[in-house]
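Below is one structure, written out as structure tokens, with a few remarks after it.
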Amino acid sequence: MGRQQDMYVTRTRAPRPDGFFRRCEAIFQDAQFANNGPCVRELERALGAYLDVPQPLLCNNGTTALMLAASCAGLAGKKVALTPYTYVATLSALLWIGCTPVFVDIDPATLSLSPELLKDAFAREPDIAGVMPVHIYGLACDVDAIGAICAKNGARLVYDAAQAFGSRYKGRSLLDFGEVSACSFHATKLFHTAEGGCLVTRDRAMREALHLARAFGHRGDKHISLGINGKMSELHAALGLEMLEGVAEEIARRRAIHALYDAALADLPLVRPRPLPGLEWNCAYYPVLFPDEAARKGAEEALAAGGVHPRRYFYPALNTLPYLRPEWRRPCPVAEDAARRVLCLPLHGEMDEEDVARVARLLQK
Ligand SMILES: *Cc1c(COP(=O)(O)O)cnc(C)c1O
């Protein structure tokens, strides 16, 4: 048998180059590289149709999209509740607009923001102005419960849907929940534009505010509101148009690999987060929780020795970050425990049965 290649947690999908280069030629001919050009507008229409959501606003990355969403929801400088079990950008987007983070622990079964604990947080701190839950791994938060709690407390609801592209809950895209949702199109995500992201909202006033704030907050000489540069370039949109073609197939392949993993790992003492009933999961990641930290560490070493490189998504729990103000720290034992025990196994559309068997063999040790 030949030398086996190293396996990583994901592999960035690339479109066929010829289609992309053809689009680039058109961009060079028009010399319009930026500012809401034809590729950006075409990709916005195509994504709206593909996801069956109100036409998204494309952004230069998911973090800017989150900042725009929270800022246009009026949350700058306010208290915002969020999950500590997520990628750091959820938190950093809020900190860059001066929010005070209120960490609310997760549900141990779903690994997403616990509605029960969110209720407690509002009871303790009625001045929480907004909530930013995350559809972690593309799994759905309890959107019905969280939506009801926010409505009851008059809080704004902004979803970090960075990982949720292609997931549907009760037949509706997960990008279509809350007042506004932000998605990431970074190269490591299921659908990508190298760097990029988008915003989805049904609220016309919100859409208008986002549109304005995405491009510096002015129209010509008329300056209306605080803005930022959140625009996507034509080159990135051109890449996205080519990537969109293969995305349904990529999701189907990841679902198949998921099923293979489930079967191959069935007899190991691993716990997986529980999808909400009614969710059609994009199967973007394959997270597993080991019984304890030592088991996780042992598995990581055995996998690495066999050339397999999983990732500790998501470690550490964000409520433990060193640069938080002391008054923002509070224990979130469920998230901290999950962060110590979790690994995301390699998962992408180019894997096959033998790759899954190889990971399973190493884990059996
Ligand atoms: C990827 C990601 C982001 C950041 O998106 P970028 O496009 O990389 O800025 C934010 N939140 C979560 C949960 C993510 O996974």
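Order of appearance sets the numbers: ligands from 1, and atoms from 1 within every ligand. Counting begins at 1 with the first residue of the sequence.
- If you check which protein heavy atom lies closest to atom 8 (O) of ligand 1, you get His186 CB, 3.8 Å.
- Close approach to Thr86 involves these atoms of ligand 1, each under 4.0 Å from a residue heavy atom: 13 (C).
- Environment of CZ in Arg340: crowded, with over 12 heavy atoms of neighbouring residues, nucleotides or ligands closer than 6.0 Å.
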List, one per line, each side-chain donor-acceptor pair under 3.5 Å for residues 218-227, sequence neighbours excluded.
residue, atom, partner, partner atom, Å
His218, ND1, Gly220, O, 2.7
Arg219, NH2, Glu208, OE2, 2.8

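- The shell of residues lying under 4.0 angstrom from ligand 1, judged by heavy atoms, excludes Ala65.
- Any N or O atom pair closer than 3.5 Å counts here, and Gly62 shares at least one such pair with ligand 1.
- Under the 3.5 Å distance criterion, with hydrogens and angles disregarded, a donor-acceptor pair is assigned to the side chains of Lys231 and Asn35.
- The contact set between ligand 1 and Ala162, taken as ligand atoms under 4.0 Å from a residue heavy atom, comprises 2 (C), 3 (C), 10 (C), 11 (N), 12 (C), 13 (C), 14 (C), 15 (O).
- A distance of 6.0 Å or more separates the ring centres of Phe28 and Phe21.
- What sits closest to atom 2 (C) of ligand 1 on the protein, heavy atoms only, is Lys189 NZ, 2.9 Å.
- A salt bridge is absent between Arg124 and Asp120; no separation between the charged side-chain nitrogens and carboxylate oxygens falls under 4.0 Å.
- The single protein non-hydrogen atom nearest to atom 11 (N) of ligand 1 is Asp160 OD2, 2.8 Å, given as residue, atom name and distance.
- Protein heavy atom at the shortest distance from atom 9 (O) of ligand 1 is Thr63 OG1, 2.6 Å.
- Using a 4.0 Å cut-off to heavy atoms of Gly196, the atoms of ligand 1 that qualify are 7 (O).
- Close N/O approach between Glu195 and ligand 1 is not found [any backbone or side-chain N/O within under 3.5 Å].
- Taking every heavy atom of Ala89 and a limit of under 4.0 angstrom, the matching atoms of ligand 1 come to 3 (C), 4 (C), 10 (C).
- Backbone and side-chain nitrogen or oxygen atoms of Gln163 are examined, and one is located within less than 3.5 angstrom of a nitrogen or oxygen of ligand 1.
- Below 30°, between 30° and 60°, or above 60°: for Phe165 and Phe191 the angle between ring planes is below 30°, a parallel geometry.
- Using modelled atom types, one finds no donor on one side chain facing an acceptor on the other under 3.5 Å when comparing Tyr8 with Arg311.
- By the side chain to side chain contact (heavy atoms under 4.5 Å, CB included) test, Glu242 is found to be paired with Pro15, Phe20, Arg23, residues two or more places apart in sequence or in another chain being considered.
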